[in-house]
Structures are given as C-alpha cells and as structure tokens.
Novice: 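First the structure, then my questions, so here it is.
Just so it is clear, the structure is predicted and the values come from calculations on it, not from any experiment. Sequential numbering from 1 along the given sequence is applied to the chain's residues.
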Amino acid sequence: VPFCPKNTTGPMRVEDLDWQKLALTPEPLPSPVSLSDSELAGLRALPQNERLSLELDCLYSPGGVDEEPRPHFLWMGIAVDTREGVLLDSVMGNSQTQKPEQVAARCLLQAITKLKCRPKEILMSRTSLAFALEPITRPLEIRTSHVAKLKELDVIYRRLQRSVDLDRC
C-alpha cells in the first residue's frame, strides 16, 4: 500500500512513495448457534430423508426498510430444495439486531419442521455459516458441504430481486 512520505512538496513519482505491506487479518468466525437439548431431541426424532438436500444461505433482502434510526436492509434466510429448485422456506430478520447465522438457523429449523424430516445434506457457500450451524447439524446427522455457488438458491433470489425492482416502477 502506498503512503506519502513526510515533508514531500511538489510532484511525486511512484518511486517516491513509501510502499508498505498491508496485513489483513481473517474475519473472525461467528458465534455458534445452538439449541436446547429438548429442541434437538424433537428434531432428532424426525426421520432423515436420504434424498433431501438443501441449499441454505442468509442474504440481504432485495428491498430496503425505511425506518428509524436509519433505513436498512433486512436479512433473508433462504432454504431451497437442491433437486427440485423449490423454495422450502424463507425467514426475515433485522440486520440491525440479528446475526445472519441466527436468521439462517431459524430458516433451517422452520424448513425441517414443515417438512417433518431432516435433510441428508445442506449445501452452503460460506464456511462461516457452516461453522455457526455445526452445533445443530452435527447432532442431527446432517452433512454440510461447501460449494462455490448455490445454483438453485441464486435463481430464486434473482427472481425476488426482479419482482422488487418491478414493484418500484
């Protein structure tokens, strides 16, 4: 990263700059999301569907919220059936007071409860989300996989974005 040397006057050349290395620290891992023993027991009692694979993420919602103390975007947890490309559940959360991992966990739990079964696998594009959900996925014997792109979820999210853009016209 270039820094201007002290007491410099007049035009400068690239060679005149004081070049220093910029050491970026990795983003800290999020806090794990956990459930009570009774909640885990209730979910563990549900059968596991060996054919069910979900894509899960938490993104900013396509539409903003104009409320005090300032306008903001909500978090939107999304769970999509990987095979069918069907939206299984979505959950909104306040980005001013909630972490995205909390909203994604709520979305996952709602999807599992509605489906009345546990998925065999959850695909996620962010390892930090998989880390945060590990206290839920491990005891429920749900495999988590990191993928570069959540194809079905991205399609649904883009459709939501287009519908919000159309509403603004």
Side-chain angles (χ1 to χ4, degrees), residues 22-65 71-165 167:
L22 176 64
L24 298 175
T25 58
E27 185 178 337
L29 289 172
S31 299
V33 179
S34 58
L35 299 176
S36 69
D37 290 340
S38 62
E39 289 173 308
L40 279 173
L43 293 169
R44 215 173 310 151
L46 295 172
Q48 188 164 44
N49 183 336
E50 297 293 323
R51 296 175 24 117
L52 182 59
S53 175
L54 304 181
E55 293 181 7
L56 180 70
D57 206 350
C58 184
L59 309 163
Y60 282 113
S61 65
V65 177
H72 61 275
F73 288 92
L74 295 173
W75 288 124
M76 183 175 187
I78 305 173
V80 176
D81 182 320
T82 303
R83 285 179 182 237
E84 305 294 326
V86 175
L87 177 66
L88 297 173
D89 213 321
S90 66
V91 174
M92 303 299 270
N94 187 334
S95 62
Q96 308 298 298
T97 59
Q98 294 178 302
K99 303 284 185 197
E101 297 81 19
Q102 295 168 317
V103 177
R106 218 171 68 232
C107 183
L108 173 62
L109 298 176
Q110 277 189 198
I112 290 173
T113 303
K114 283 181 184 177
L115 293 168
K116 296 184 173 97
C117 66
R118 295 174 287 139
K120 180 65 177 169
E121 178 181 43
I122 301 173
L123 306 177
M124 293 177 254
S125 61
R126 294 182 291 128
T127 53
S128 59
L129 181 57
F131 173 82
L133 296 180
E134 197 259 346
I136 297 171
T137 57
R138 185 172 26 103
L140 296 180
E141 300 174 351
I142 301 171
R143 184 176 64 237
T144 58
S145 298
H146 178 266
V147 293
K149 185 173 180 173
L150 299 169
K151 296 174 185 171
E152 300 300 328
L153 191 144
D154 287 347
V155 168
I156 289 174
Y157 187 73
R158 281 195 305 274
R159 286 182 187 153
L160 288 169
Q161 284 178 313
R162 280 195 300 269
S163 69
V164 169
D165 289 342
D167 288 345

Novice: Lys120 vs Gln48, test: side-chain contact (heavy atoms from CB on, under 4.5 Å). Steps then yes/no.
Specialist: CA-CA 6 Å; Lys120 180 65 177 169; Gln48 188 164 44; 4.1 Å; yes

Novice: Roughly how far, to the nearest 0.5 Å, is CG of Asn49 from NZ of Lys116?
Specialist: 14.0 Å

Novice: Could you tell me if the side chain of Asn94 sits less than 4.5 Å from the side chain of Val103, heavy atoms only?
Specialist: no

Novice: Just so I know, are the side chains of Glu101 and Cys58 near enough to count as touching, which here means a heavy-atom distance under 4.5 Å?
Specialist: no

Novice: Is Gln110 reaching over with its side chain to a backbone N or O of Arg106, donor-acceptor style, under 3.5 angstrom?
Specialist: no

Novice: Taking all heavy atoms of Ile156 and all of Gly85, pick out the closest pair and write down the distance.
Specialist: CD1-O, 3.6 Å

Novice: What is the distance from atom CD1 of Ile112 to atom CZ of Arg118, rounded to the nearest 0.5 Å?
Specialist: 8.5 Å

Novice: Going from OG on Ser125 to NZ on Lys151, what distance comes out if it is rounded to the nearest 0.5 angstrom?
Specialist: 13.0 Å

Novice: Starting at CG of Leu109, measure out to CG of Asp89 and round the result to the nearest 0.5 Å.
Specialist: 10.0 Å

Novice: Side chains of residues 26-37: which donor-acceptor partners sit under 3.5 Å, not counting sequence neighbours?
Specialist:
residue: Ser36; atom: OG; partner: Ser38; partner atom: OG; Å: 3.1
residue: Ser36; atom: OG; partner: Glu39; partner atom: N; Å: 3.1
residue: Ser36; atom: OG; partner: Glu39; partner atom: OE1; Å: 3.2

Novice: If every non-hydrogen atom of Leu56 is compared with every non-hydrogen atom of Ala104, which pair is closest and at what distance?
Specialist: CD1-O, 3.9 Å

Novice: Is there a side-chain contact between Leu59 and Leu153 (heavy atoms, below 4.5 Å)?
Specialist: yes

Novice: What pairs meet the salt bridge (charged side-chain N to carboxylate O under 4.0 Å, His left out) rule with one or both residues in residues 121-144, with sequence neighbours excluded?
Specialist: Asp57-Arg126, Glu121-Arg143, Glu134-Arg138

Novice: In the structure I gave you, are the side-chain heavy atoms of Pro100 and Tyr60 within less than 4.5 Å of one another anywhere?
Specialist: no

Novice: Would Ile122 and Leu133 count as a side-chain contact (heavy atoms from CB on, under 4.5 Å) here? Give the steps.
Specialist: CA-CA 10 Å; Ile122 301 173; Leu133 296 180; 5.8 Å; no

Novice: Working to the nearest 0.5 angstrom, can you tell me the gap between Glu152 CD and Arg83 CZ?
Specialist: 12.0 Å

Novice: For Leu52 and Cys117, which heavy atoms make the closest approach, and how far apart are they?
Specialist: CD2-SG, 4.0 Å

Novice: Should Asp154 and Glu55 be marked as a side-chain contact (heavy atoms from CB on, under 4.5 Å) after you check the CA-CA gap, both sets of side-chain angles, and the distance that decides it?
Specialist: CA-CA 10 Å; Asp154 287 347; Glu55 293 181 7; over 6 Å; no

Novice: Nearest 0.5 Å, please: how far is NE2 in His72 from OG in Ser61?
Specialist: 8.0 Å

Novice: Among Leu150, Leu88, Ile142, Leu123, find the residue that satisfies the side chain to side chain contact (heavy atoms under 4.5 Å, CB included) test when tested with Leu54.
Specialist: Leu88

